[in-house]
**Q** 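Attaching a single structure in structure tokens format; questions to follow.
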Amino acid sequence: MLQDQKVSFSGVQPSGNLTIGNYLGAIRNFSTFSEQYKCFYCVVDSHAITVRQVPADLRRRTYETLALYMACGLDPEKNTLYVQSQVSAHAELAWMLNCFTMFGELSRMTQFKDKSAKHADNINAGLFTYPVLMAADILLYQTDVVPVGIDQKQHVELCRDIATRFNALYPDTFTIPEPIMASSGKKIMSLADPTKKMSKSDENTNAVVYILDDKDTIIRKFKRAVTDSDTVVRYAEGKDGINNLMTIYSCYTGKEFDEIEREFDGRGYGDFKLAVGEACADALAPVQARFRELMADKAYLEEMMKKGAAEASYYARKTLSKVQRKLGFVQLK
Ligand code: ATP
Ligand code: LTN
């Protein structure tokens, strides 16, 4: 990367079918940095094994997530797109950073608390130290910005704390990264319970719109979305369901909330839900078409994976060797 070129880094777990939450909260914003920044976007399969995965599904979803990155507009010539487990520096730096992360800090992570409640039979050490691996992902590339949904803000803040602590002991090692969140779409809510985040691992598939859902399914899901007993489309406190649908509609159409309120003035929720479903399905159609083309060519995807891993390793190794030197590890020429 050029001397003063800024770096963007982010990752998505291949832990399920990607949702419009993943798209609007994260992936859509990745490409805003593609022109001016050096961008690394990773399929974080090592993170995904913190909860049990079926190996064949994990493998398939790893290809799918990479293909979706590209189908959503990330050009592999302009962005380094790769798979986390194919760049071993991530696991190596994570170990070192574990030694600079406090037990108390990790205990406060809300995602750990949520996931350990959800997977009470498998509260493994990886689930606990997950944010340290995430910090390693980010710090390996001397990252300036991390585009994420709001649920990941706490992890990026912990990454900043780890980097600041490390830099205080060993000056000028890491760039301190900043989380970047979309002004609209940073937290898309579940269609079944609009007080809860839409999540790809939700068991209720009606609560979630997947990027690969067909038009009829998308429209049916929006029709069934939980709203309230009011009939007026307006953004207001206590109207979580409608607020969420207005956010999604605004993300896909670029319309402001007051414009949406005027558009649906005097019309019921039924009309509005249909319009949201159509806007979403129409926006996803070209992504789905491109995704199908890419998935039909595994050899191309593997070629891109190889290219991405080689590029990422080149930069990651530089930081890793700097950290090893600073820590006092003996480095052979
Ligand atoms: P899981 O259910 O497996 O925890 P997830 O759906 O939360 O998965 P991740 O892979 O953890 O998805 O997240 C990838 C990116 O998508 C992150 O930047 C995250 O903040 C963002 N994201 C996930 N869900 C939403 C959502 N509902 N709204 C906005 N952004 C989201
Ligand atoms: N923890 C994130 C996924 C993730 C990530 C990252 C995001 C892993 N490493 C580095 C940004 C930067 C999640 O669960 N969504």
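Each ligand, and each atom within it, is numbered from 1 in the order the structure gives.
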**Q** For ligand 1, give me the residues whose heavy-atom distance to it is below 4.0 Å, by chain and number please.
**A**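 V12, Q13, S15, G21, N22, G25, A26, K115, V148, G149, D151, Q152, G185, K186, K187, I188, K197, M198, S199, K200, S201.
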**Q** As a quick check of understanding, evaluate side chain to side chain donor-acceptor pair (under 3.5 Å) for D202 and S199, giving each step before the final call.
**A** CA-CA 5 Å; D202 197 321; S199 164; over 6 Å; no
**Q** Return yes or no for this condition: an N or O of H155 is under 3.5 Å from an N or O of ligand 2.
**A**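 So ligand 2 has no N or O lying under 3.5 Å from an N or O of H155.
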**Q** Distance to 0.1 Å, residue and atom name: give those for the protein heavy atom nearest to atom 14 (O) of ligand 2.
**A** Y130 OH, 2.5 Å
**Q** Using a 4.0 Å cutoff against the non-hydrogen atoms of V146, which atoms of ligand 2 qualify?
**A** 11 (C), 12 (C)
**Q** Could you check atom 3 (C) of ligand 2 against the protein and tell me its nearest heavy-atom contact, residue, atom and distance included?
**A** G11 O, 3.6 Å
**Q** Tell me yes or no: between the side chains of Y235 and T247, is some donor less than 3.5 Å from an acceptor?
**A**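 Side-chain D/A pair, Y235 to T247: absent.
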**Q** Identify, for atom 6 (C) of ligand 2, the protein heavy atom at the shortest distance, and state residue, atom and that distance.
**A**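 Closest protein heavy atom to atom 6 (C) of ligand 2: M134 CG, 3.5 Å.
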**Q** Side chain, backbone, both or neither: which applies to I138 and ligand 2 if a contact is any heavy-atom pair less than 4.0 Å apart?
**A**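 I138 to ligand 2: side-chain contact only, backbone stays beyond 4.0 Å.
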**Q** I'd like to know whether Y141 forms a ring-ring contact (aromatic ring centres under 6.0 Å, His included) with H90, so could you lay out the CA-CA distance, the side-chain angles of the two residues, the decisive distance to 0.1 Å, and finally the verdict.
**A** CA-CA 10 Å; Y141 301 94; H90 288 250; 5.7 Å; yes
**Q** If you have a sec, work out which protein heavy atom is nearest atom 10 (C) of ligand 2 and how many Å separate them, to one decimal?
**A**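 The answer is F9 CE2, 3.4 Å.
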**Q** Identify the protein heavy atom lying closest to atom 9 (N) of ligand 2, giving its residue, its atom name and the separation to 0.1 Å.
**A**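 Residue, atom and distance for the closest contact: D137 OD2, 2.7 Å.
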**Q** Going by the rule side-chain contact (heavy atoms from CB on, under 4.5 Å), which residues pair with R317 if we only count those two or more places apart in sequence or in a different chain?
**A** S88, A89, E92, L320
**Q** For S34 and N79, does a side-chain donor sit closer than 3.5 Å to a side-chain acceptor?
**A** yes
**Q** So, is the end of the K298 side chain (NZ or CZ) under 6.0 Å from the ring centre of Y63 and within 45° of the ring's axis?
**A**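 Satisfied, under 6.0 Å and within 45°.
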**Q** Please walk me through it: do K200 and N17 pass side-chain contact (heavy atoms from CB on, under 4.5 Å)?
**A** CA-CA 6 Å; K200 65 168 120 70; N17 296 325; 5.9 Å; no
**Q** What part of V148, side chain, backbone, both or neither, has a heavy atom within less than 4.0 angstrom of ligand 2?
**A** side chain
**Q** Centre-to-centre under 6.0 Å for Y315 and F9, is that the case here?
**A**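 They do not qualify: ring centres at least 6.0 Å apart.
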**Q** Do D214 and T217 have side-chain N/O donor and acceptor atoms under 3.5 Å apart?
**A**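 Indeed, the side chains of D214 and T217 share at least one donor-acceptor pair under 3.5 Å.
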**Q** Checking the N or O distance criterion of under 3.5 Å, is ligand 2 in contact with Q13?
**A** yes
**Q** For L274 and F222: C-alpha separation, side-chain torsions, deciding distance, then whether side-chain contact (heavy atoms from CB on, under 4.5 Å) applies.
**A** CA-CA 7 Å; L274 183 65; F222 278 112; over 6 Å; no
**Q** State whether a side-chain donor-acceptor pair under 3.5 Å links K221 with T205.
**A** no
